[in-house]
Asker: 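This structure is in structure tokens; I'll ask about it shortly.
The chains referred to below are lettered A, B, ... by the order of the sequence lines, with proteins before strands, and numbering in each begins at 1.
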Amino acid sequence: MSVIYLDNNATTQVAEEVLEAMLPYFREFYGNPSSMHTFGGQVGQKIRAAREQVAALIGAMPEEIIFTSCGTESDNSAIRSALATQPDKKHIITSRVEHPAVRALCAHLAAQGYRVTELPVDKNGILDLENLEKSMTPDTAIVSLMWGNNETGVIFPVEEAAAMAHEKGILFHTDAVQAVGKIPINLKMNVIDMLSISGHKLHAPKGVGVLYIRRGTKFSPFLIGGHQEKERRGGTENAPGIIGLGKACELAAKNLDKENTYVKKLRDRLEREILKKIPQSRVNGDTGNRLPNTTNISFEYVEGEAILLLMNELGICASSGSACTSGSLQPSHVLRAMGVPFTMAHGSVRFSLSIYNTEKEIDFVIEKMPAIIERLRGMSPFWNQACTNQ
Amino acid sequence: MWEYTDKVKDHFLNPRNVGEIENPDGVAEVGSLACGDALKLTFKLDENKRIKDAKFKTFGCASAIASSSALTEMIKGMTVDEALKVTNRDIAQYLGGLPDEKMHCSVLGKQALEKAVENYRGVPAAVADEKIICECFGVTDKEIEKAIRENNLTTVEEVTNYTKAGGGCGGCHEDIQEIIDRIKKETKPDVKPKMTNLQKIQLIQETIEREIRPSLKHDGGDIEIIDIIGNRVLVATRGACATCKASNITLKNFVEFKLKEFVSPDLVVEEVEK
């Protein structure tokens with residue numbers, strides 16, 4: 001059975017070109033980039049090139065790029081650095097809909113005595129910057145807000161937020177893991193201090209990430225060890241991963257238009273047709289200001305895990321914000337923060353596309369979804385009732 | 001991704017007995033949309049007061065649907081009393097097991113069954129002295145107590161897996177721990193008073209006669225007590241049991257289980273060579 005992969009916010013396929021760029025650096029050019037000999041040094045040169053490729057995608061300077069092992073490490077490094085370099089400040093501002101890499105870290109820090117403010121969002125997942133203004137105090141060390149939400153795709157006005165934080169002399173970090181490669185980002189045009197990237201969300205492999213640190217920003221390393229990354233991140237470089245990420249960033253720059261035309265069109269058609277064909281379904285999140293590849297749709301009176309498993313039978317991959325898929329007993333914290341009723345949150349499905357999806361795949365999903373929902377609604381004790389109440 | 005058994009997958013993809021029986025003899029609705037799973041169970045009895053038909057409608061995940069399907073299959077042909085003896089563990093076992101985090105799906109089935117029987121007998125369902133412990137999922141102290149006793153639960157996490165209680169805000173964890181502690185204390189002095197050896201042997205024989213033999217005979221098998229040494233009950237299998245490959249499982253899970261329950265929790269059943 002062929003797989004129709006609509007779960008690209010979870011992870012993406014490594015691009016053919018990326019794999020090709022990486023392969024020689026496993027067995028042929030396996031030298032340590034820090035070595036004195038040419039054999040290792042040539043790998044160091046490729047890493048420099050990769051650093052330039054990453055910097056070019058986000059409008060940064062190469063020396064502002066630190067390679068890490070993943071988005072989570074980048075987020076942890078950024079927030080912990082802000083606290084370590086300003087030991088007298090004990091307040092963190094973030095939002096209720098952040099990825100666990102930020103949210104769980106902040107909860108952990110709260111238990112250690114830091115004060116954490118989680119900014120609310122409205123029913124469309126939109127952040128009110130007035131709340132940010134009111135929450136900032138002289139004690140605030142850092143504001144960390146995600147650029148694009150992984151579950152709904154809703155985009156936060158991080159550039160404005162960064163400007164507001166700066167006015168008060170507060171550091172600003174953004175988890176841009178979902179946004180990089182999907183929307184234009186130019187760090188020359190804003191005052192964001194730190195930004196996290198994850199390789200495997202943009203067709204590079206898992207196990208490599210980036211933390212951007214604006215030049216002049218005080219930094220305290222998270223991993224202490226060798227002198228790698230200008231002593232900002234110890235540990236021998238993941239050379240193949242970094243070289244792959246460089247290539248992926250170069251491709252992402254080329255494909256940015258395609259993301260916002262081709263992928264967006266596929267997403268919009270998928271969403272429109274599903275809403276048209278399936279009664280009592282609705283989109284979660286602000287449709288006006290969203291990542292071009294993401295749609296989060298709720299189907300009332302059915303449960304998300306059951307939907308996913310029936311989709312799975314047809315080879316269609318997606319994810320859900322239902323309680324049963326989260327491992328906890330409550331539906332997604334993002335949908336709850338938006339006040340999506342439990343009845344809707346349990347039946348939510350996130351479709352996240354990539355440039356590798358085809359018209360034909362989307363046609364297939366549009367054709368199959370109504371029967372899946374109908375089948376589960378046929379088993380649901382609430383469905384008949386709901387129909388009679390209409 | 002959950003690790004579901006093939007049986008769970010089968011009952012999810014091809015659920016048996018979906019629907020509602022018109023003019024049912026018993027009906028119950030448990031769970032709610034907010035909780036993430038809900039089950040409506042209906043059954044009808046035949047002229048011999050055996051369950052002729054049972055149907056379900058379930059809102060929930062794959063294991064909730066599979067548990068409902070399994071339950072309806074299991075209780076068909078049973079009397080109401082027999083059906084009440086089906087435990088949530090039986091449902092899980094029928095499905096070849098459920099992931100720990102999904103045990104509450106089998107509890108949901110058990111609850112629906114009890115309520116449907118209450119409905120059939122006309123016993124008022126609402127019990128006044130129950131107190132809601134977990135407000136997120138509306139789980140009462142009685143439900144938690146029952147799950148702890150029936151499944152020998154010892155931690156809050158286990159209680160959450162079986163009943164959902166404590167899975168939301170976590171505000172009730174202390175209350176759940178208190179219930180666990182209380183039951184632990186109760187069960188200790190609950191150990192049956194010391195019996196003489198003769199009394200024990202007699203009770204073992206009675207229990208085998210009353211609780212065990214009829215079921216074995218029903219399947220063409222039987223057992224015979226050879227000796228009782230301390231807490232070791234030595235038995236020989238007879239009839240169909242003697243040639244059955246699963247007789248070991250029967251001895252442990254059924255014979256020993258019953259003897260532990262009715263005579264003493266220290267008993268061990270052993271099969272002697274023929």
Asker: Are side-chain heavy atoms of B:L13 and A:L309 found at a separation under 4.5 Å?
Answerer: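 No, every pair of side-chain atoms sits at 4.5 Å or beyond.
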Asker: Would you say that more than 12 heavy atoms from the other residues, nucleotides or ligands in this model lie under 6.0 Å from the CD of B:E82, or not?
Answerer: yes
Asker: Considering all heavy atoms of both residues, which atom of B:A38 and which atom of A:P381 are nearest to each other, and what is their separation?
Answerer: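 Minimum heavy-atom contact is O-CG, 4.1 Å.
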Asker: Can you tell me if B:F257 has over 12 outside heavy atoms packed within less than 6.0 Å of its CZ?
Answerer: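 Counting other residues, nucleotides and ligands, CZ of B:F257 stays at 12 neighbours or fewer.
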Asker: Does NZ in B:K252 sit with more than 12 non-hydrogen atoms of other residues, nucleotides or ligands closer than 6.0 Å?
Answerer: yes
Asker: For the pair B:K9 and A:E313, find out whether any cationic side-chain nitrogen is under 4.0 Å from an anionic carboxylate oxygen.
Answerer: no
Asker: Measure A:R377 against the heavy atoms of chain B and call it side chain, backbone, both or neither at under 4.5 Å.
Answerer: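 Neither the backbone nor the side chain of A:R377 comes within 4.5 Å of chain B.
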Asker: In the structure I gave you, are the side-chain heavy atoms of A:F382 and B:K57 within less than 4.5 Å of one another anywhere?
Answerer: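 They are not in contact (no side-chain heavy atoms under 4.5 Å apart), so the answer is no.
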Asker: Under 4.5 Å from any heavy atom of chain A, what part of B:S68 do you find: side chain, backbone, both or neither?
Answerer: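 Neither; nothing under 4.5 Å.
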Asker: Is there a donor-acceptor contact under 3.5 Å from the side chain of A:E303 to the main chain of B:D37?
Answerer: no
Asker: Is it the case that more than 12 heavy atoms not belonging to A:Q112 sit under 6.0 Å from its CD atom?
Answerer: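 Enclosed.
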Asker: So with a 6.0 Å cut-off around NZ of B:K49, is the heavy-atom count from everything else above 12?
Answerer: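 Not buried by this count: 12 neighbours or fewer within 6.0 Å.
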Asker: Can you tell me how far apart CZ (B:F59) and CD (A:E300) are? Round to the nearest 0.5 Å.
Answerer: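 Separation between the atoms: 9.0 Å.
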Asker: Identify which part of B:P99 has an atom lying under 4.5 Å from any heavy atom of chain A, answering side chain, backbone, both or neither.
Answerer: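 Neither; nothing under 4.5 Å.
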Asker: So for atom CD, which belongs to A:E273, do other residues, nucleotides or ligands contribute more than 12 heavy atoms lying within a distance under 6.0 Å?
Answerer: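 More than 12 heavy atoms, drawn from other residues, nucleotides or ligands, come within 6.0 Å of this atom.
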Asker: Got B:T58 and A:M379 here, is their nearest side-chain heavy-atom distance under 4.5 Å?
Answerer: no
